[in-house]
Amino acid sequence: EEAAFGVEKKIDIYHTVICAACGGEGAKPGSKKSVCPACKGRGQIQYRQGFFSFSQGCGQCGGTGEVISEPCTTCLGRGKVRKESEIAVKIPPGVDTGTHIRVRGKGEAGEKGGSSGDLYILIHLLAHKIFKREEDDIYLEVPISFPLAALGGEIEVPTLDGKAQMKIPAGTHTNKIFRLRKMGVTNLRGRGKGDEYVRVIVRVPAKLSPEQKKIIKELGKTFGESYRDDKGFFGKWFS
């Protein structure tokens, strides 16, 4: 139901956020950074070997060009801290197992006070008690009695929106599938709704009273030879 109609979920996540004490700088408030003596503030060190020259990130300052003499006591110079956050996530209608939802700005904190990345949530649907889902369509089985299958009538069937009336034509066989239009799941991309498919299963009573047996036997006689389960029927094929 949540996947079909959409829902807002509150979840707990662990992620890094900008250190509030130093504003992401990594230095103790009130202290100053100094130019890295190894790279002279360039963040890279250049090497020469024969005719070739190459450069790589400075190992002393980590490529920032600055060194911290007094690290922030809260984040220990990293500029960000790990935190547990509760966030509200809006799940749109029509999601299915494997759907990814992007939550902007709720990923890992950026470097040196930069903007945070995004959080990607992978959706996994729990199995429903009675419905099975295939894309935007849903399926279920509904038992009906033999008299209803033979004579026809109406039954009440469950849907995602509640209950609906469904007509059963006279002479309905078991495993007959009926279609309820637009009673399925809303399409994630806004392309309408799927359908609900109802498979009816004709129940045959396991135990009958003597009176019921008598009535059914009398009924069987009215069907004629094509419904007989004796030599009168099979004799045509095996005589």
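Predicted model, so just to flag it, every value in this text is computed and none were measured.
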SB check Asp118 Arg102 (cutoff 4.0 Å): yes
Thr16 and Glu108: CA distance, side-chain angles, deciding distance, side chain to side chain donor-acceptor pair (under 3.5 Å) verdict: CA-CA 5 Å; Thr16 55; Glu108 297 295 287; 2.9 Å; yes
Nearest heavy atoms of Thr97 and His124, plus distance in Å: CG2-ND1, 3.8 Å
Side-chain ion pair, Glu156 and Lys163, N-O less than 4.0 Å: yes
Gap between atom OH of Tyr197 and atom CD of Glu141 - 0.5 Å precision: 16.0 Å
Other ILVMFWY residues reachable from Leu125 by side-chain steps of under 4.5 Å: Val7, Ile11, Ile13, Ile87, Val89, Ile91, Val95, Ile101, Val103, Leu119, Ile121, Ile123, Leu188
Intermediate values then yes/no, side chain to side chain contact (heavy atoms under 4.5 Å, CB included), Tyr139 and Glu134: CA-CA 8 Å; Tyr139 297 79; Glu134 291 185 14; 3.9 Å; yes
Which atom of Gly184 lies closest to which atom of Ile138, heavy atoms considered: CA-CG1, 4.2 Å
Euclidean distance, Cys72 SG relative to Arg78 CZ, rounded to 0.5 Å: 10.0 Å
Ile155 vs Val142 side-chain heavy atoms within contact, under 4.5 Å: yes
Steps toward salt bridge (charged side-chain N to carboxylate O under 4.0 Å, His left out) verdict (Lys9, Glu2): CA-CA 10 Å; Lys9 290 280 190 180; Glu2 291 176 337; 3.2 Å; yes
For Val81, the rest of its hydrophobic cluster, which grows through side-chain links under 4.5 angstrom: Val17
Derivation of the salt bridge (charged side-chain N to carboxylate O under 4.0 Å, His left out) call for Lys193 and Asp137: CA-CA 8 Å; Lys193 294 183 68 173; Asp137 298 325; over 6 Å; no
Side chains of Leu180 and Val198 in contact at under 4.5 Å (non-hydrogen atoms): yes
Minimum-distance pair of heavy atoms, taken over all atoms of His15 and Ser85: NE2-OG, 2.9 Å
CD-CD distance between Gln46 and Gln56, expressed to the nearest 0.5 angstrom: 11.5 Å
Under 3.5 Å side-chain donor-acceptor pair for His128 and Glu1: yes
Distance-minimising heavy-atom pair for Pro71 and Leu76: CB-C, 4.1 Å
Pairwise distance CZ(Phe131) to OG1(Thr159) - rounded to 0.5 angstrom: 6.0 Å
Side chain to side chain, Cys58 and Gln44, heavy atoms closer than 4.5 Å: no
Note, Asn175 side chain near Arg199 side chain (heavy atom, < 4.5 Å): yes
Ion pair check, Lys33 and Glu25, cut-off under 4.0 Å: yes
Residue pair Val157 / Phe178, side-chain heavy-atom distance below 4.5 Å: no
Lys182 with Asp136: basic N within carboxylate O range, under 4.0 Å: no
Close side-chain approach of Met183 and Asp161, heavy atoms under 4.5 Å: yes
From Ile68 atom CD1 to Cys22 atom SG, the distance as rounded to the nearest 0.5 Å: 7.5 Å
Point-to-point distance, once rounded to the nearest 0.5 Å, from CD1 of Ile18 to NZ of Lys80: 7.5 Å
hydrophobic_cluster_shared for Phe146 and Leu148, side chain cutoff 4.5 Å: yes
Val202 backbone acceptor or donor facing Thr174 side chain under 3.5 Å: yes
Validation row: Pro158, Ile130 side chains within 4.5 angstrom (heavy atoms): yes
Heavy-atom side-chain proximity of Arg203 to Pro143 below 4.5 angstrom: yes
